[in-house]
Amino acid sequence: MKIRTVLSALVLLMGVLFTPGIGILGGATEAHAATKISHSTATSMFRGSGITWSSSGGCSDRYNSTCTSFEQLNLATAQGAQTLKSASGCALNITGGTETGHASGTYSHWNGYKLDFAKYTCLGTYIKNTFAYIGLRGDGAPQWKSGAGNVYADEGSHWDVTYYNCGGC
C-alpha cells in the first residue's frame, strides 16, 4: 500500500513538472507560445501606426528572399515595432520580416521574432541614447538592449531587431 501511494505521488509530481506552460522541466518557452499573425494583420497594424515597409523585390512572398513578408510574424514583434515608433517618434521603414534568406535559429526572422529597419539618423540616435550598449554580437555587430529586453543590432546597412516581447505595449 505504501509503495502505491509513493508511486502515485511521484507520477503526479512528474506530471506537474513536465506540463507545458506550468512545469519547470518541460514548460512552453516564449518561442513556442508566441501568437502568430498574418501578413494582412501586420500591415494593417503598421499602417495604423505610420510604419512603412519596402522590399527590393516589391513583393511580400514569404518564400522569396527579395520580398518583405510578415506572414507568421509574432504579434509581440508587430506590437514591439509599434512601441518603437510611438516611443521614438522616428520614421520607421521595415526592410526585412519573416521571409526566407535570413539566419536561422529560435529567435529568427523566419520564426517571427525579428524585423529589419532602414537606418535613419533619428532611429539610430534614439536607440543609442535610450538603450544600454551590450557589446558586439558574434558577427561583430554592435548591440543595444532595451529595458524590456529586446535587442537592437546595428548591421551597418540596417537595424536588426529581436523582439522577445512587445516592449511595454
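Because the structure is predicted, anything quoted here is derived from the model rather than measured.
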Quiz item: Say you draw a straight line from CG of Asn165 to OG1 of Thr162; how long is it, rounded to the nearest 0.5 Å?
Solution: 11.5 Å
Quiz prompt | Nearest-0.5 Å distance that lies between atom NZ in Lys36 and atom CG in Asn74 | solution = 3.5 Å
Quiz prompt | Distance-only side-chain donor-acceptor flag, Asp116 / Thr95, under 3.5 Å | solution = no
Quiz prompt | Backbone N/O of Gly112 and side chain of Thr98: donor-acceptor pair under 3.5 Å | solution = no
Quiz item: Got a sec, which residues hit salt bridge (Lys or Arg N to Asp or Glu O under 4.0 Å) with Lys119, two or more places apart in sequence or on another chain?
Solution: Asp154
Exercise. Rounded to the nearest 0.5 Å, what's the gap from SG on Cys166 to CD on Gln79? Could you check?
Key: 5.0 Å
Quiz item: Is there a path from Val161 to Leu136 through hydrophobic residues (I, L, V, M, F, W, Y) whose side chains come within less than 4.5 Å of each other?
Solution: yes
Quiz item: Is a side-chain donor or acceptor of Thr52 paired with a backbone partner of Leu92 at a separation under 3.5 angstrom?
Solution: yes
Quiz prompt | Expected output: side-chain Thr35 to main-chain Leu75 donor-acceptor under 3.5 Å | solution = no
Quiz prompt | Ser54 vs Thr68 side-chain heavy atoms within contact, under 4.5 Å | solution = no
Quiz item: Got a sec, which pairs hit ring pair (Phe, Tyr, Trp, His ring centres under 6.0 Å) with one end in residues 81-104, sequence neighbours left out?
Solution: His102-His109
Practice problem: Side-chain contact test, heavy atoms from C-beta onward, threshold under 4.5 Å: evaluate it for Thr41 versus Phe70 and give yes or no. | Solution: no
Quiz item: Where is the tightest heavy-atom contact between Ala148 and Gly167, given as atom of each residue plus distance?
Solution: CB-CA, 3.7 Å
Practice problem: Indicate the atoms forming the closest heavy-atom contact of Ser55 with Gly58, along with that distance. | Solution: OG-N, 2.8 Å
Quiz item: Atom CG of Leu73 and atom CD1 of Ile94: how far apart are they, to the nearest 0.5 Å?
Solution: 8.0 Å
Quiz item: If you look only at pairs with a residue in residues 137-153, which of them pass as a salt bridge (charged side-chain N to carboxylate O under 4.0 Å, His left out), with sequence neighbours excluded?
Solution: Arg137-Asp139, Arg137-Glu155, Arg137-Asp160
Under 3.5 Å, which donor-acceptor pairs link side chains of residues 121-133 to any protein atom two or more places apart or in another chain?
unit_1 : atom_1 : unit_2 : atom_2 : d
Thr125 : OG1    : Thr121 : O      : 2.9
Asn129 : ND2    : Thr125 : O      : 3.4
Thr130 : OG1    : Tyr126 : O      : 2.7

Exercise. Group every Ile, Leu, Val, Met, Phe, Trp and Tyr by side-chain heavy-atom contacts under 4.5 Å, then state whether Tyr163 and Ile134 land in the same group.
Key: no
Exercise. Would you confirm whether Gln143, through its side chain, and Val151, through its main-chain N or O, come within 3.5 Å as a donor-acceptor pair?
Key: no
Exercise. Would you name the heavy atoms of Gly101 and Ser65 that are closest together and state the gap between them?
Key: CA-CB, 4.2 Å
Quiz prompt | Results of salt bridge (Lys or Arg N to Asp or Glu O under 4.0 Å) for Arg47 - residues two or more places apart only | solution = none
Self-check item: ring pair (Phe, Tyr, Trp, His ring centres under 6.0 Å), paired with Trp159, selected from Tyr120, Tyr152, Trp144, Phe117
Solution: Trp144
Quiz item: Under a 4.5 Å cut-off applied to non-hydrogen side-chain atoms, are Phe46 and Leu115 in contact?
Solution: yes
Self-check item: Minimum-distance pair of heavy atoms, taken over all atoms of Ala153 and Ala141
Solution: CB-CB, 4.4 Å
Quiz prompt | Nearest atoms (heavy-atom pairs only) where Ala78 meets Met45 | solution = CB-CE, 3.7 Å
Exercise. Sort and list the pairs that fulfil salt bridge (charged side-chain N to carboxylate O under 4.0 Å, His left out) and have at least one residue in residues 56-80, not counting sequence neighbours.
Key: none
Quiz item: Hey, what do you get for SG (Cys90) to CG (Leu84), rounding to the nearest 0.5 Å?
Solution: 7.5 Å
Practice problem: Output the distance between atom OG1 (Thr43) and atom CD1 (Ile51), rounded to the nearest 0.5 Å. | Solution: 11.5 Å
